[in-house]
Each structure stands twice: as C-alpha cells, then as structure tokens.
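All heavy atoms count here, side chains included; hydrogens, waters and symmetry mates do not. For clarity, every value in this text was computed on a predicted model and none was experimentally measured. Letters go in sequence order (proteins before strands), and every chain restarts at 1.
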Amino acid sequence: MSEIPKAYEPQSVEDKWYDFWLKQGCFTADPARVTDKRPAYSIVIPPPNVTGMLHMGHVLNNTIQDILSRKARMDGKEVLWLPGTDHAGIATQVMVEKQLKKEEKKSRHDLGREEFLQRVWAWKEKHGNIIINQLKKLGCSCDWTRERFTMDPEYSRCVQKVFVELYKKGLIYRGKRMVNWCPVSQTALSDEEVEMKPQKGFMYHFKVQVAEAPDTWLTIATTRPETIPGDTAVAVNPKDPRYAHLIGKHIVRPLPAELPREQKLIPIIGDEHVDFEFGTGVLKVTPAHDKADFEIGQRHKLAIVEVINADGSMNELAGADLKGLDRFKARKVAEEKLAELGALVETKPYENNVGFSQRADVPIEPRLSEQWFLKYPAVPESKTCVAEGRMKFHPDRWAKVYDHWLTNIQDWCISRQLWWGHRIPVWRKRVRLYERNWTDELLRWGWDDYVEQSWANEPEPIVIRVFRCSDGSEVNPKKDALMPVVRETEGEYDIFVCTNDEQKGRDFEKYGFTQDPDVLDTWFSSWLWPFATMGWPENTETLKKFYPTTDLVTGPDIIFFWVARMIMAGYEYMGELPFQNVYFTGIIRDKQGRKMSKTLGNSPDPLVLIAQYGADALRFGTMRSAPLGQDVLFDEKDVELGRNFCNKLWNACRFRQMVGSADSQIQGEIDSSLLTTDDKWILLKLNEAIREITEALNSYNFSVAVQALYRFFWNEYCDWYVEASKAVLGSAERGNRSAEQERRAANTIAVIDFVLSHTLRLFHPFLPFITEELWHGMGYATDMPENQGGKTIMNAPWPKPFDADFCEAYGLDETHLEFASQKYEVVTLGRNLRRIGNIQSGKKVKFVLKPSREIPAHDGEVIKLLLNAEALDFAEDYVAKKGTPTGHTPFGDLYLPLEGLMDVAAERARLTKEKEKIQIEITKVEQKLANPHFTQRAPAEVLRDHEQRLADWKEKLAHVKMALEALGT
RNA sequence: GGGCGCUUAGCUCAGUUGGUUAGAGCGACUCGUUUACACCGAGUAGGUCGGGGGUUCGAAUCCCUCAGCGCCCACCA
C-alpha cells in the first residue's frame, strides 16, 4: 500500500472483494459447523419478484439483512442468509403479456397455455437474474449456493403437498362466493390485494313506483345506477316507520326500460342491515354485484342476476341500452336513461371509498364466482407467540396490528385465473350417476390400483369430493370418507380428486378428468418460504440447524400478505415459529415525504448511485437516515455524505501509512508507560463507542449505531486524536527523531493501529467493501489467525468492551476523560480568541496561559499544536495589557496578546452577552435553592448538584467580569 | 366509524426511568489551501420543544384536552 490514491475509489475495490468472498465461499453456510459454541444464525430474504429491479426499498431492506448477517458472523455464528426470488404470478404474467402484445401483437390465448408458459420461463431465464446481480452489487452476503425460486420443482412439490394436506383436512374448499374480481387482470383477488381509495363520484337519487300502491313512490340512492337491471329487491329497515308497512309489496324497477312492467316487479323486503339514517333509507339490492347485497340476497333467497361480464362490460341482461358498454360508460347511460324516464330525482357529487385492484389500479368488481378458499388452520400458538413475547416485533407496535388481523381473519381466496403459477392439483369430472355405488363406479374406470392400494392405505389417500351441480352443495356423507358412498337417483355431479402425485394426475386425465385450469395465489407459495427453501419436507441438516430463523426483515405493507401467513404455516408444518424477531422497516420516501413511484420519477436508481458514490456510501447514507420503524426520507445528500465518510476513513488510514515506518509493518504492543493523555482518552472513547454500537445493533437501532460510529470516528478520532497525535509524530522529521522520540512515535502508531483495527471491524457490517480493502491494506489481516480475520475481516471478531484487566494494564480510568476534555476546552477557547482577535486561521500567534494547575509538557505541546500557535507561554504572574482577549478554563486563564488588532466593541458585546446569560442561570438556580419546597423535597443528590452549579456559575461570572474590566473603556 | 403513530433549530431527526445551559447531521454565514482528507479544517448564527390546562420542588419527558399531518382496519348504498 505504498502508493495510496488520495481519494477512495470504490468501483474496482468492490468487484475485487465480492469476487474474493464468493470464491472463498465466505457466504456459504455449513450446518456441520453449527455447535453449542458456534450457534446458528439465519435469515431468509423476502424474495424479490423475478420481474423486479432493485429500488431503494430493496436497498434499505437488504442492507439491514446484510448488517445483521455480517455482525452475526463476527460474533462467531454460523450464518445462513438464504436468498431467492418469487415468481410473482400476476406481475410477471402481465409483463410477458405486454411484451407479447407489443412485439408480436398476440395475446396469451393466441399462443395457448403451454406455449405461453414456455415464453414466461424463457423470460425468467433471461431476466430473472437481474435483481440477484444487483443485490450482489450492494454487497449482500447471501449464500448463493442455496438460491431458491418459488417455482423450482422441489419448491413446487412443497406447495402441492401443502395444498393436498389442507384439502384432506377439509380446510380447502370450493365455493361459489362473492370475490374481489379484477376486470383488467380477469382474476379473483384476495381481500388483502384490494386497496380502498376515496373516489369522487356521484350519488344518484331515483324514484320507483310501488306496484300495489301506484300513488306511492320511493326514492332510492345509489352510486351505481348501471346495476339497476341486476336488482332483485329493494330493502328497508323493518323498524323504519316510514317504510315498514310496504314490506311485502313490490316496486317497479325502472331498468331495463324495454322490459314489460310485470317482468320488472321486485319485492320490498325488510332487512336489519339497512341504515335508515343513510341516503333515503331505501336500499336497492343487487345480489350479483355487491358483497353486502349478496348476503341480503342469501337471507331472503333472492334471485341473483348478473349484468356485468368478467371484463367489466355489461351483458344482455342489462338491457339493450347498456349491453356491451363498459361499466363506467354504462353508469352515465343509465343516468341518462333514468332522466328520460323521469325517474331521476337528483344527481349530486359524492365521495366514497372504492376498492381498487392493487395490481391493475382499477376498481374491483364484486363478482360471484367459483373459487378455492382456505380456512386458515387453527393454530393457537400463532395467536399467542407475539403477545407472549416468544416472537418479537420491532417496533413492537406492529404486534397490535397483527393481532387485530388475526382476530378478524377471513377465509383466503387462493385460486387465480392465471397461467403463471402453481397449478391447482385438483381434477374434475362431471358425471350422471344412477343408484350406483361410487366404489363400483371407480372400479369400472379401472382404478383398482388406487382403490386397493392407495385409497385403502394411508398415508397417500386420494380425497374424493362430490358436488351437486344444481346448487354446488357437497353430497359426501362424511368429509373424511375416502370412499364416499352416495346414492342419488339423478342429477349431475362434479367429482373432484386431489393429488400431488403426477402419475395419478395423468391417470385421472385418461379417465376424462381435467385438471383445474387455475393457479394458486403467489402468497400461497410464499408463506412456506422459511422452510420450503431449506429442503422441507425432508428433515434436512439445514432445516435442523437453521430453522427457526433468527430474524426477518420486511416492510409493514406485507405484514398480512406474508408475515402473518408464514407464522401460521410455520406452526402448522414445522410445529414452531418461523423466526424469532421481525424487523419492520419504514417506507422509503423522497425528501418531500412523497412515496417513491415511477410516475413521479422520484425514485433514484440505486445502481446509478452505486456507480456514482460506491455501494458502501449508499448503504451508509441509507442506514444513517433510517430510524427504527419510521419512514425514511431519502435524499441523495445522504449518499454523498456516505461517500465523504468513506473518503475520510480512507484518508485516516492513509495518514497512518504515511507516518508509520516505511515498510508499513504494523506496530507492536502498546507500552502503557508511554501512553499520553490523548492516547488514554481515545482508548476510553473507543470503549464507549464499542458499547454504544453493540447495544444499538442488539436493539436494531441501526441509525443510532451509524451515528455513533460517525461521531466517534470523525469527531473524536480524526478531529481530536489524530490532530493531537501529531504532537508526538511530527515532533521531529521522520528518520531524524531521537531514540526517545522514536519510541514515543512508535507507541502512538501502535495506539492508532489498535484503534483503527477496532474501528474497521465496527464499520464492517455497514461498509463491507472499504473495510475489507483497508483491513488487508493496513496489514491487520496478517496479525490474525486465518479464521479470525486472517483471511477476511468478515470473520474477524466483533470488538468487545475492554475488561477490567485491560483497563488496569493500560491505566485507563474515567479521570483521563476529564483531563483530556479540559485540555480540549483550552483549545476551543484559544480558537475563539483567535476569532476575537481577527487572527486568520493560518497565521501563527503566541498564546499565554496562566496555569491554575500543573500542565505536563506533552499536553502543552498538544495545545500549542492544535491552536496553530507559534508559542504557548506559561506565566504564573502574567499581567495582560488592557484589551487582551482572554478566557477562563479549568487549566487556567488563556490570553492572546496582540497589538491593536482586536475589535474591542465586538469583544465587549460578546462578553456582555455571556455575562447576561450567566446571570440568568444564576438567578434560576438561586430561586430554586431559595424555594423551601425544593430544598425539602428534592433528593440530596439533586440539591448538591444545584449548589455546585451555583458555585460554578459564580466563578464564571467573576472571570467574565474581570475580562470586561480588562477590556478597559 | 374504530385503532395506531407523529408534531423539538430553515430541513431531517436524537433526547433513556421527569433533574446541569435541549443535542447531532445537513443547509446558511465567516475565515482558512498548516503535506491524511476541500469528498477538508476552524468558527458563528439559529429553538418560549404544535396550542391550552393539570400533576410535581422541578415537565420536551407523565396525565387531560384541542389542532394539524400520516398510516392501518371497517359491507354505509
């Protein structure tokens, strides 16, 4: 490291060390190495979408995981950070469909399922690695040998297995239900994928005639007049005196206009759900297109009339006027139609919450459709683990949010009408059966094998379910029956069989069964992530040693999607919690507090930032501004700060190389007899920093840790210690030092090496690249055993606070902190005097100190150097000329004698201001001490403090008064 | 409609169980190229801790209340 560049150049350094780490297998976790003395530490990455590009959210999230992983390695743990990607059903499919449309003007249906899926796989092969490589650029120390993808064959088998098991338990069922339908993606969504947004729209009031009482008209309020043709009742609250008497009568539905009156009669029903304060107190009921209305419909056995198609357009039942129109267009036309009919009473602007498809950003259409649902397994532990502290949330307020969701949990719609994903392992055949025993029927199909072997013998029975097609009801006598015996005389039935055995699936197809075309919700695979990535259901070594994982780092936006479900799956399948701690990051926003988005263009590309400032700088800047659990207002300035910081670190090491011996050998042991007060001070400060940073990391306060590092290194080490050390190092030209000076210089360098080698280790989790470069460049690696930092700083032990023996050996006790800070106080005062005297920073001047205590020669040298003074004279009986700038310090009075350069008026103003400040403080303390309530009730300690304070203030006041007098008139 | 969080210097935030003169970084301003670093150094200015009330010898800190901002949950047509 003889020719060290003046500024740190990250690019080549980063690639060099990342390659080194990979080649040396530094990130690879070995379960065999886990012992009592070497405990396991594990994290599974929240798998980014294969379609993904690294954004600032990833940077925040993965930097935290990397810090945790690297710190754990330095703590001597066997670390597994397990990476991978998520197939992200909708997002990926939509992306490939778009590309197909753009490049070949084809839809996925033009290609067919097989061909389309091949295209998606091809796309995945080509682009799926992008985000992985980006994570590598950031320095993530993931065990890439274990990289997983949620559609890997082994992973898919886990998903199928879980599905089949839940199916067997009866927790997965098929049902015709109201679901959240996205008309753009044309698939069902789970409740979690729906986002409520306030929408400006209109409230339409229209009137309808009561058929049995032609003079009576009811006014109905609605935001969706286009659904009127689907209305099959009008509901009022039975307790509502205005309308209760009309229950049982009918109204004439105005639309579709062309229908004869008798076909438009719908009943007035009474239902408690109707709020008579709201609107007009009369509710139109559209069971096919509204969740609440559907439930009313169920209660009153109303007909369900669908008027909207899957793509959001109106169908023929909506009437000639609306048919074929988009639902929003239809809304306007329906309004016009009502107006034409004279039914429209008024239209007024109205704002309400509308559910939006998170993915496609269009309003959800509540739609009745057949889907697969999961009733979550009842796992009591998942409810109690957080409340009872077995699993910790950071910050812990998320525990309440989690708990609330769990208590209001709804069944999960897990089927998606997509092609990209895990296909549902269920086959169906529609049959007509007459008085036939099911067993006979199946035997007739030649399924003897299954009947004889599989069905009769655990553990791989195939569950058969039979549903009546007319109403969808299940007709198995017992859910658990493997050999359902159903004797029905006629009707159509759907037989469902569920298996994760591919061979059996193919066999079913031979007998006319077809596999369900739908795929599973992506999250139905993600919720298995912590153990499916570790080889489950085999009881692998990895699983044995690394499950449950230690920490999970994720955004609070997926607490329900992912975290909560993983907890349930963890308990259900592993019988144990999936992770011990969950750290919820904040959301990254721009510096104005807006969410980052592509449309706003306020989302910086992390790779551009890395190219510009370096990965360490990006990590440092991000972590510095990310307090625990709060949103992060990102500002490129922070990355710049990170770069500056790396540069400071670089140059501090460069300084060490320049003052050290030419062969840049690291110095030997510290000789405690030669330690200066500055040496002791910085060692004590280092000790403080070690405590503080370790404590902050243990409590996940990353920004606190970074700020402590910043303060320690920049202020305490560079600004004070390094500058002070020049008094020893620069006392003579190098090579021209006396033997004594040489010994002292060598000892100072030994202290510098001690501090730097500790500092680099404290920085390593945050700044992996530059610390590795300097660790080797400074020669600290050669000093360590191979597996303790000799090979890489990654495995160097994390610094521990000094023990009592160490402190005693080096004479480190708190009194040195005070002495050195008093010395630095003299320096600060001296620098102030320079300003008062209008002395330019560069100019050498003479200072005089009237000492109030003995000041060792070394410390006098340091003060002189830090003041950039020509000389620092000690004079017990110094009498200053009038107008000499002066100030009082614990070391005595400091003077800056000069000739007529001082701005006397300015100095008088300064001193007067200070005097006033002191007097205010004295008054405050005196008043307090004069208050008998205070003196009687305050603890003795506090009382003593106040008395001491008063004495200190009075002394200061005396000195300021003297200084003012010395200024003359 | 419920629940949670936030409000401290121009900006972003610290401030432990109440107890010295409420801190830091950035920004602003002044001075400075003294061979580690101008991606730097030295220094200066800037706050009645959102408003009001209470508890206490003592409140940025605890309690009540009001206001503003943000997030989550909820079937008000």
Trainee: Rounded to the nearest angstrom, tell me the gap between atom CG in N931(A) and atom P in rG58(B).
Mentor: 7 Å

Trainee: Could you state the NZ-P distance from K864(A) to rU34(B), rounded to the nearest angstrom?
Mentor: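 My rounded result for the distance is 18 Å.
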
Trainee: Would you say Y350(A) places a side-chain N or O within less than 4.0 Å of OP1 or OP2 belonging to rA77(B)?
Mentor: yes

Trainee: Any salt bridge between K924(A) and E921(A), counting N to O under 4.0 Å?
Mentor: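 Looking at K924(A) and E921(A), the cut-off is met.
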
Trainee: Rounded to whole Å, how long is the line connecting atom CG of D638(A) with atom C1' of rU12(B)?
Mentor: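 It works out to 8 Å between those atoms.
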
Trainee: Say you pick atom P in rG27(B) and the same atom in rC11(B); how far apart are they, in whole Å?
Mentor: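 Between the two P atoms, the distance is 15 Å.
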
Trainee: Starting at OG1 of T585(A), measure out to NE2 of H394(A) and round the result to the nearest 0.5 Å.
Mentor: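 Answer for the OG1-NE2 pair, T585(A) versus H394(A), is 13.5 Å.
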
Trainee: Rounding to a whole Å, what distance do you find between L867(A):CG and rC31(B):P?
Mentor: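 To the nearest whole Å, that distance equals 21 Å.
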
Trainee: Does a side-chain N or O from N408(A) land closer than 4.0 Å to OP1 or OP2 of rC73(B), or not?
Mentor: no

Trainee: Can you find a side chain N or O atom of N701(A) that sits less than 4.0 Å from OP1 or OP2 on rA14(B)?
Mentor: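 No, N701(A) has no side-chain N/O under 4.0 Å of OP1/OP2 on rA14(B).
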
Trainee: Using the C1' atom on both, measure rG3(B) against rC39(B) and round to a whole Å.
Mentor: 47 Å

Trainee: Please tell me if the side chains of V563(A) and T554(A) come closer than 4.5 Å, counting only heavy atoms from C-beta onward.
Mentor: yes

Trainee: Would you call F202(A) and E351(A) a side-chain contact if the rule is heavy atoms closer than 4.5 Å?
Mentor: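 Not in contact.
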
Trainee: Can the positive tip of R624(A) be found less than 6.0 Å from the middle of the six-membered ring of Y710(A), inside 45° of the ring normal?
Mentor: yes

Trainee: Distance to the ring centre below 6.0 angstrom and angle to the axis at most 45 degrees; does that hold for K648(A) and Y717(A)?
Mentor: no

Trainee: Measuring only the P atom in each nucleotide, how far is rA42(B) from rG54(B)? A whole number of Å is fine.
Mentor: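 47 Å, rounded to whole Å.
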
Trainee: Using purine N1 to pyrimidine N3 plus N6-O4 or O6-N4 for Watson-Crick, or N1-O2 and O6-N3 for G-U wobble, each under 3.5 Å, what pairs with rU30(B)?
Mentor: rA42(B)

Trainee: Going by number, which of residues 709-724 of chain A have a non-hydrogen atom under 4.0 Å from RNA chain B?
Mentor: Y710(A), W714(A), C718(A), D719(A), V722(A), E723(A)

Trainee: Specify the residue among V827(A) and H404(A) whose closest nucleotide of RNA chain B lies further upstream toward the 5′ end.
Mentor: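 In this pair, the answer is V827(A).
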
Trainee: Report yes if a side-chain nitrogen or oxygen of K637(A) is closer than 4.0 Å to either non-bridging phosphate oxygen (OP1 or OP2) of rC26(B); otherwise report no.
Mentor: no

Trainee: Could you state the CZ-P distance from F655(A) to rC39(B), rounded to the nearest angstrom?
Mentor: 20 Å

Trainee: Taking OP1 and OP2 of rA36(B), is either one under 4.0 Å from a side-chain nitrogen or oxygen of K726(A)?
Mentor: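 Yes.
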
Trainee: Can you check the E914(A) CD to rU44(B) P distance for me, whole Å?
Mentor: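 That distance rounds to 11 Å.
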
Trainee: Considering only atom P, compute the distance from rA74(B) to rC26(B) and round it to an integer number of Å.
Mentor: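 Between the two P atoms, the distance is 44 Å.
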
Trainee: Would you say rA77(B) has OP1 or OP2 under 4.0 Å from some side-chain N or O of N352(A)?
Mentor: yes

Trainee: Rounded to whole angstrom, note down the C1' distance from rU56(B) over to rG18(B).
Mentor: 9 Å

Trainee: Answer with base, sugar-phosphate or nothing: what part of the nucleic acid does L283(A) contact at a heavy-atom distance below 4.0 Å?
Mentor: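 Base: the residue L283(A), judged by heavy atoms under 4.0 Å, touches a nucleobase.
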
Trainee: Report the distance from atom CE of M778(A) to atom C1' of rA36(B), rounded to the nearest whole Å.
Mentor: 11 Å

Trainee: Can you work out whether H946(A) or K913(A) has the more 5'-proximal nearest nucleotide on RNA chain B?
Mentor: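 Closest to the 5' end, via its nearest nucleotide, is H946(A).
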
Trainee: side-chain contact (heavy atoms from CB on, under 4.5 Å) between V234(A) and I266(A): does it pass, once the steps are laid out?
Mentor: CA-CA 7 Å; V234(A) 161; I266(A) 54 173; 4.1 Å; yes

Trainee: Q707(A) has an atom CD; how far is it from atom P of rG15(B), in whole Å?
Mentor: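 Computing the Q707(A):CD to rG15(B):P distance gives 10 Å.
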
Trainee: Using a cut-off of less than 4.0 Å, is there contact between a side-chain N or O of K648(A) and OP1 or OP2 of rA36(B)?
Mentor: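 No.
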
Trainee: For a quick test of reading the model: is some side-chain N or O of R397(A) closer than 4.0 Å to OP1 or OP2 of rG5(B)?
Mentor: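 Negative; the distance criterion is not met.
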
Trainee: I'd like the P distance from rA59(B) over to rC49(B), given in whole Å.
Mentor: 12 Å

Trainee: Please report the interatomic distance CD(E277(A)) to CG(N237(A)), rounded to the nearest 0.5 Å.
Mentor: 10.5 Å

Trainee: Please examine the side chains of F206(A) and P254(A), heavy atoms only from C-beta on, and report whether any two atoms are closer than 4.5 Å.
Mentor: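 SC-SC contact between P254(A) and F206(A) confirmed.
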
Trainee: Considering every strand shown, what is the Watson-Crick or G-U wobble mate of rG5(B) when both distances are under 3.5 Å?
Mentor: rC69(B)

